[in-house]
Every structure is written in structure tokens, then in C-alpha cells.
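Because the structure is predicted, anything quoted here is derived from the model rather than measured. Because only heavy atoms are used, hydrogens play no part in the values below, and waters and symmetry mates are left out as well, while side chains stay in.
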Amino acid sequence: MTGRSAFAVSAVVLIAGCNSQRSKPDVESTRHPVAGSTSSQADWFVDRAAETGLDFVHFNGASGQFFYPEILPPGVALFDYDNDGDLDVYVVQGQMLGAGTSLADALLPPTGRSLPLTGRLFRNDLRVREDGTRVLHFTDVTAQSGIEARQYGLGVATGDIDNDGCVDLLLTNFGTNQLFHNNCDGTFTDISKQSGIEDNPGVAVAAAFLDYDRDGWLDLYVGYNVNYTLENDTRCPNVAGVRDYCPPRTYGGQPDRLYHNVGHGKFADVSAAALAGATFGPALGVVTADFNGDGWIDIYVANDGVENLLWINQHNGTFKETALLSGAAVNELGKPEASMGVDAGDFDNDGDEDLFFTNLTGEGHDLLVNDGTGQFQDVSAQSRIGPASLPYTGFGTAWFDFDNDGLLDVLTVNGKVALEGRANGRFPYDQRKQLFRNLGDGRFEDVTGKAGRVFALSEVGRGAAFGDIDNDGDTDVVVANDSGPVRLLINNLGNRNHWLGLRLVGERRDSLGATVAVMRPTGPTLWRRARADGSYASANDPRVLIGLGRSTEKPTLRVRWPDGRIEEWADVTIDRYTTLREGGGKKRR
Amino acid sequence: MTRTLLALLVAAAAGCTAHEREGLQAVSRPDVSRMAPSAQTQVRTSYETLTRKIEKRSTTAMELANAYGEFGKLLMAADEREAAKPCLVNAQTLAPGDVRWPYYLGHLHRKNGDLANAVTSFERALQLKPEDVATLVWLGNLHLDEGQPAQAKLNFERALSLQPRSRSALFGLGRVALAEQQYARAIEHLEAVLRQDPQAAAVHYPLAMAYRATGDTKQAAIHLRLREDRQVLPADPLIVELEALLESPQTYESRGIQALDNKDWPGAAALFRHGLELAPDHAALRHRLGTALYMMGDVAGAQDQFERVVRTSPGYHLAQYSLAVLFQTQGRHAEAIEHLSAALEIKPNYTDARLRFANGLRHVGRAADALPQYDQVLVETPDNSEARFNRAIAFVQLHRYRDARRALSDAMKRYPDQPFFAHGLARLLASAPDDTVRDGGRALALVQTLLGKEQRTLDLGETFAMALAASGRFDEAASVQRDLLKGAANSSLHAVVARLAHNLDRYERREPCLTPWTDGELP
């Protein structure tokens, strides 16, 4: 076990070349069998945010007036903005809301960890010692980054919009969205206006970058939530007259937007032509994947309280909305659900993208199985996730193989949006997170109780970004809490199994939407997708991390690139990260 | 006395009396300060009653159970579930033979998403009242939520044996069959529910999914179109009682809305009036009362309520809107415009109001002012077909026939399943005064396609005649027009008769119609 981990470590260093020369404080090793085990390290996941410098507390500006946006944020992103081979973190921040209010009116005043009230960029200064232990440290580099994010932040999306090899940053706001171009020198420039994405002010939460027309440039889907302004704010008391946050139907949905990247990061709004024929709802989650197996990327939108949307790519720059007949719009009773966080992944290893999305307390989260043609069946109850999640309101979520056994598991970050029978406290919307382990037979086990003490914390969970933050071969999670601290859930379990790490690169950037089939001499083929989207208001590690269980066999990889090209690589080394470049493999039809 | 002290007192009192009171849970009154005044009073009174019963040593276990239970019910009705739970548990402990307490506890756990405890409570209720159909159906539903269709089936079958026409039990069996992928059986059960109650709209979605699974996508599509977000629930007197318990404007509003959903207009009006007795200045309640009265046909009553809201709460945009709608139906467009303008000032992104505002402007001859309003509607809701159609009509009113033609042609492509765009375009091509726009051949082709697919309405017939005339086929146009005239006369459509006669005269003079829509026809 120890030997394998050490090997994994050295491989990562070779590939990523990420031993930064920056000066770093000597924070204790994050985890690892090679490091001295403590009781906390026996936990599957351990929160290491504060001790590694990821010291941030979200501020939502709540002043007792129940302004709708207060209940939505924050999102969080994992992306390697400085190309040093490790994942950096961006967290969105809130502001006071309402005319004439000041910080003195805040129910939960900002602390030093919240200030200044701006979205924050934390650079990951990961260092790997010779013995394989990791020194994980984050440095707040917001001030020198050029990112000025002083609107009321809700979410974040990432993608390299101009193919310059540096990941750019989109911030969704209660206000106007902001697009920051990565200058490839550690700084960003606000190009919202000149890029063409600046719209009228609104409430945008979810966004996803995708190349829907196969032209090599990343396009952008922005999911808008409700038709809300501070001027049309409405009082929504419960049955007893106690004021609470309004449901989205109070304000109604706002149309989503599809922006076509016409080249070099200039966008044109093509919504009217490309997204015709559907009724938009209050979007909260967006995930892009090829749902009907035709090789073209489709879009799934999780709408709050109204029918979800499944936009099937028509191969001509337009989409057709098919969710209702596809069985992906409503629950098994035909009722639209709250649908916050969302992800697509092949949990049953049958080669297609299944859907998972989180819902309100009493609804249970939904698991929809794809039959390979984009037709879905609701198996939430049979999977056991439905009943186990009924007491929770879920937000951030993802399919991820936390124990690297080759089966995609699910984590949900939870927190209420209504008092639900508990009116005491200043912001009493907290709930615990949940972790479900895939048993491989269509059922999941609720393993929250075994996952670690961080899972016992009751917080108002919203964003969650998934990625291998310490490059040790398993998936970690950054959780962003509304009016609470960011949590850094370091995975102590996954790399006890074998794994395969891949970076799928097109011309110069991560090839979002590329899928890889991992074919082994024995054992089922595993299908995974490179993606940054999904979850809730958050952006994930675009690398693909595949759990291989006990298998030490070198697999053959078949990659389908977003432009339709198929290539194969044989005998790929495991327990390390490998970069596959489009054009570098053996062509296949 | 502080809440904590009271809680301690209650707990202490519960713990020091007769032996049957041992093991009771501590109960406290929740913070009521943010509740509606009437609800605060109710909760305080009920809590004082409970406290007195606890303090009084002669209180019997049954009396104490009732006091705990009633307080628990009230808290549950107020959605204070956390505080309600120990009350109902205590009631159950003190009166283990009373079915109400495990039944309410079952619902409380169910609302909290606590399936295991909900099942335990309903099973306990069922032991006490084995033939209660509501309990059986709720248990069945819970087992389905648990992913245990076989267990659910037993409950639904038992419910059906007790009440053979129970729609909720039959619906449950349909869901069981669907979960077990027995699609033919699911169709059988779900169709049976619809035969019993064609209004049971909740059935359509699972039925559509069952048809889809059998490959019958046509039936699936039909049922998807009929789908509504409603439930098929058992008759549930205990829950009805609970929902009527809390005296608050919001409760009456919520119950009134349910009555509106059930198309029980007088019932809804009565509930809204009760709510208004508690809160006379409650704008939403009064507005809803106006809506209920309107649905009952009491237009004057509705107008009175809407006007009162506008007077007392001028910032309540919905009342401004409703009043405008009411005026528009009476042809009082100028007044409607005034109220729609007010609604839009309050809520600039109120799309429905903006669309009506634009229509109103057209109706008073301000089509040029209407155009930017339609454009704004289409920015906010790009798929608003009504806005697209009316925008085209505005172009017609402004004699911008080419723009109208382009707008209708684009919309026709965008909405191939909405025939009124094709019809509108046909009408324009058949009768536009602009010779460069009028195109009888194309108009005729469009109308003939529509005649093959759509109902043959008088409007469509008229367009057919126009298209024939525009194609130079005046005799045929006149013949069609005479038939239409006869039909209109038989139906006493006097205004239509006059219009048809006018155009017939033109066709007989071998002249095409050059008025796509008269003022009276404009939508």
C-alpha cells in the first residue's frame, strides 16, 4: 500500500512538474498512509480548509428581509489557473442587499475571514516531499489577480474561451455576469463587455462551457433563475404568518441564454434561434453530455419547481427540447421537483450518461437511468438514494468514485431553503452532507456515518467542486456554505485502490465533453467524461480520474473527442496522471 | 416567564405526577413572536391549557393526552414540526389506544422525510384501526417511496378490498405495476382510475410512461399533454381537520387557493372572506377574493375587491393587473392601460402585464407604441407566440405589410404546430393592400394546407375566399363567401354578416379584398 502511494506521488510530480519554487509555510502533511496516522486520518474525508489557508467564510448579507438571492449562494470552482499542475480555488462572495442597509444590519455580520466582500481566488501551493507526503497550502491571491468581483456572487464556471491554454473564469451574479480572461501570467482581465456575454441584470446561477457545434471553441450556456429584482421583492409568510424565503414560483423563471463562441472568446447570443420551443424555468443546475449517444453534446437543465429541460443537439447549431417524453422533466408522479444540483455519469457502467439531481426536503433526490438513447427511467426509490435523501434539501453534487472501486458514487451537499418546521435561529437552514456508495447492483448504501466527522457538521451547504486537490489519485471536494466557512474535504480512502488519471487535451485546452472508454483485459469497460460543469453553481476538475479497484492491468483507452474523432491508446500506465492529446492516439472509426 | 423556564416547568410537571406520565418528553412552546397575531393567541392559549392540565394533579391520562395532542396538532398546523413532535409522542404514550396520535405522527414524519418512522407510526395506526383506507394508502405510498413495491401492493390491495372504488388505492396499484415494470398492468390500473374520474389529471404522467415503455409513443404523447401537477389522495378527515385548525390569514389563503384549484369558487370566496376578517388589509387575500368572485360570475363584486386593493395597496401589482384584465374584457382599454402601466411601474419584468399593455395600446390606435413593448416581451420570453402574433398585427395596423409578412413567416417556421401563424400569413397574403406583398397563389396554398388539417371555421373560410379572389378566381370566391354569409346569418352574427356582404360585393365586382382584418376583427 505504502509503496503504491509513493509511486503515485512521484509520477504526479513527473507529469505535472509542479514543484513550485514559491515560499510556503510548512503546514502538516495533508494525509496519506505514509504520513503518521492520526484518528482524524482514519476518517474517509477530513476537512483541512482552515489549516491549509483556505480560510474563507461566506457572507450572504441577510438582514431579516428575506431577499431571495440570499438563499442561493455560494458556488466554488476548482481550476488550475496558473498551469502549475494543481487545482486552485475560486469562491464567490455576497454583499449586503437592499437600499439603505449597511453591514450593521446583517444578521450574521462578516468576520475577518469574510472580508473584503469580494469573490476570492486561492492559489494552491501544493508541495510534495520526497517521502511522498503532501504539504498543501493555499494563498489568497485575489488582490494581485485582477479579479474584481464585488457584485452579489452566486456561481462560477470555468473554461478556456480563447484556446490560449489558460482557463478563464465566468462569474454568475445577482446583477450582471462577469467574464474574466486569464492572461496566462497569474492575472485576469474583465472582458464581460467586449466578449458579448454581458446581459441585462438578472439572477444567473448555473453555467457551463461546451463546444456544441464542434468548431473547436467553447460556447457557453447560462442558466437563469428567477425574474427577481429588489423592487419586486415579495413577502412570503408560512401558514402561521412567519416570514420565510419565497419559493421560485413567486417570481417565475427567466430565459436561459446560449452564447456561441464565434472565435477567440467573442460570443454571440444565439438563444432565440438555437433554443426555440421550450418554456424556460428557474434554472439552478446545468450539465452537458451526449445523452442520446449520437456523439454530439446535449444540455440538461435542472429547473427549480418546474419541468427540467433536455436540449438534444440537432447537429446544425440548434437544439430540440425533449425532456418530458424522455422521462427527464418531472418525477415519477409527473410532478416537477426542485432540482438544484445535477450531474451526468455512467453509474451502471453500461456506456451512457445517467442523470442525478438533488431536490427539496420531502422530494428525495432523483436518479434517472439512461437506456442509451436519451430515454430515462426514474429509479430513485429502487436505488435507495431517493428514500435516504428525503429529509434533505440537496445542492452541490457529483458522480465521483470516492473509493476508486470502478463505480461512481454520489455526494450531496445539503441545506434547506425554507424553515420546514424549525423557526429558531438566525439562519436555521443547516443540514448535514450525505455520501452514497454505489454497490454495483443498482443500489446505493448511505455511508454518511462512516465518511468522517466533517459529515456530522450541519451547515447550509450549496456549492461543491470535485477534484484531486492534492494530486494523490483520489477525488477531494471543496464545499461552499451559505453564511459559513468553506470546507476542504480531503479524501483519505480512494488511492488505497488503483487508479488512472487522465487529462484530455484538444489543441491547447482541456477537451470538455470528451469521453474515454477504459477497456481492460478483465473487468467491465468504464466510460467517463472530461467535464468542469455539473454540481451546483460550481466548476470541477476537468481531469478524469478513474478508479480501477484491485486491478493492476494496463488498460486500453478509447477517447471520443467532442469533434467526433475517435482515438485509442494502448497499455496506459496506471496510478499516475497521463495527458492524452487529440491527434496523438491511433485513429479509430 | 421565559420559554426555557416554561419548558422546564412542563417537563418537571410531567415527570412528577402519576406513573402513567413517566417517560414523557419535554415540551416547549416555540417562539411565536413572528407568527400572525391570531395564530400567536391560539398557540399561547393551547399551551396554557396544556400547562394547566399538567399542573393539575387530578388530570386523567386521557385528558392530558388530549391536551398534548391538541397542542401538537396546532403546532403541526402551524408548521412547527420540531415542537409538535414531542407533544404528539406524549399524547401517544398517554393514550396508546387513540389512533389519532400515531396517525398524525405518521404524517409529521412523512413531511420531515423520515420514512422509517412514518411507516412505524402508520403501522401503529393501522393496528388500532385496521380498516382505515387512508392509512393503508399512505402506507402503500410510503412503501413505494422506500422502493418496496411488493409491500406497497399489499396495502393498496387491502384498501381496494375495503373500498373497491378507491381511486387512490387503484392509482397506487398502477404505480406499483410501473415500479415492477409490469407496463400492461400499469396501463390497466391507471386507465381504470381515469374511467372512474376523467379529471384525475395526476394519472396522465405515469400512464404516459407506461405507454412509452410499451412502445406506444402516440398514446404517451397524448397523456403527456393532459398531465397536470395534482395528486390522487385518499379521503383524509383527520388531515382536513388539522388543516382547518390554525386561525391565520395565511391558512385561509392556502385553503382558499386549494378550493380555487378544485374549481370550488364559492368555497374559495368564503375562505378568503374569513381570512380578511383576521387581516382586512391583506392585499393578497382580497385580490384572491376578487378572483373567486370573478370566477363565480360576479364581475361587479370582483371589480370592487380589485379596486379596494388598488386603493389600499397601490403597490400590489397583481391587483392592478387583474383590474386591467377586467377592464379589457369590457372594452375599457384606456383604463386598462392605466392599470397595466401601474403594474409595470411596480414590476418592470411583469411579462404578462407588458403583453396586455401592448395589446391595449394597439386597441387604442397606438400600434407604434406597442411595438417596443412586444419587443421587450420577446426579450424576456423569446418563445412567447402570442407576442409574436400580436407584433405582426401591429405591423399590419401600421401598414408595414412587409414587416408583418416577415414576422409571420418567421413565426410559422418557429412554431410549425401553431396553425394561427399560417392562417395569419395566408390572410395577409390574400388581402394586403400592398401589391408587393399580396400573393394569392401562396395564400391559397397555405389555406388549402390548413383546410386539410384544421377545423373549417368561419374565419378560415373567409380567408379561403380572400385567397381565391386574390388569385383572380372571383366566382369561386363569391360562391364560398355566399355560403359563409348564409351560415353567419343563420347564426345571427350580424356584424359578421355585414363584413361578409361587403367583401362579397367586392368579389362580385371582381376586386380582391384589401383589408386583412377590420378593426372589429383585430385580436
So A:Y259 and A:V222, side-chain contact (heavy atoms from CB on, under 4.5 Å) or not? Walk me through it. CA-CA 8 Å; A:Y259 296 97; A:V222 181; 3.9 Å; yes
Part of [X] lying under 4.5 Å from any heavy atom of chain B:
X: A:V379; answer: neither
X: A:N331; answer: backbone
X: A:R235; answer: neither
X: A:E363; answer: neither
X: A:Y224; answer: neither
X: A:A278; answer: backbone
X: A:E420; answer: both

Which region of [X], side chain (C-beta onward) or backbone (N, CA, C, O), has a non-hydrogen atom less than 4.5 Å from a non-hydrogen atom of chain A, or is it both or neither?
X: B:F171; answer: side chain
X: B:L144; answer: backbone
X: B:A208; answer: neither
X: B:Q181; answer: side chain
X: B:M209; answer: side chain
X: B:R175; answer: side chain
X: B:L224; answer: both
X: B:V32; answer: neither
X: B:A39; answer: side chain
X: B:T251; answer: both
X: B:A213; answer: neither

Can a donor-acceptor pair be found, under 3.5 Å and without considering hydrogens, that links the side chain of [X] to the backbone of [Y]?
X: B:T381; Y: B:L378; value: no
X: B:T351; Y: B:V377; value: no
X: B:E386; Y: B:L355; value: no

We want to know whether [X] and [Y] form a side-chain donor-acceptor pair, criterion being a heavy-atom distance below 3.5 angstrom.
X: B:S248; Y: B:S38; value: no
X: B:E247; Y: B:Y252; value: yes
X: A:N232; Y: A:Y251; value: no
X: B:H143; Y: B:E146; value: yes
X: A:R432; Y: A:Y392; value: yes
X: A:T318; Y: A:N316; value: yes

For each of B:M76, B:R212, B:K347, tally heavy-atom pairs with chain A at distances under 4.5 Å, and name the one with the top tally. B:R212
Best-contacting candidate, [options], against chain B by heavy atom pairs under 4.5 angstrom:
options: A:R243, A:Q377, A:E231, A:Q382; answer: A:Q377
options: A:V239, A:L390, A:N238; answer: A:V239
options: A:L325, A:L275, A:T234; answer: A:L325
options: A:T279, A:D378, A:V330; answer: A:V330
options: A:P255, A:P237, A:G362; answer: A:P255

With a sphere of 6.0 Å drawn around CD of A:Q314, does it hold more than 12 non-hydrogen atoms of other residues, nucleotides or ligands?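 Count over threshold, so yes.
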Could you pull out the closest heavy-atom pair between A:E321 and A:A323, with the gap in Å? OE2-N, 2.8 Å
Could you give me the CA-CA distance, side-chain angles and deciding distance for A:N303 and A:F280, then say whether side-chain contact (heavy atoms from CB on, under 4.5 Å) is met? CA-CA 8 Å; A:N303 285 328; A:F280 292 99; 6.0 Å; no
Under 6.0 Å between ring centres, would you say that holds for A:F67 and A:Y228?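 Aromatic pair excluded; centres sit 6.0 Å or further apart.
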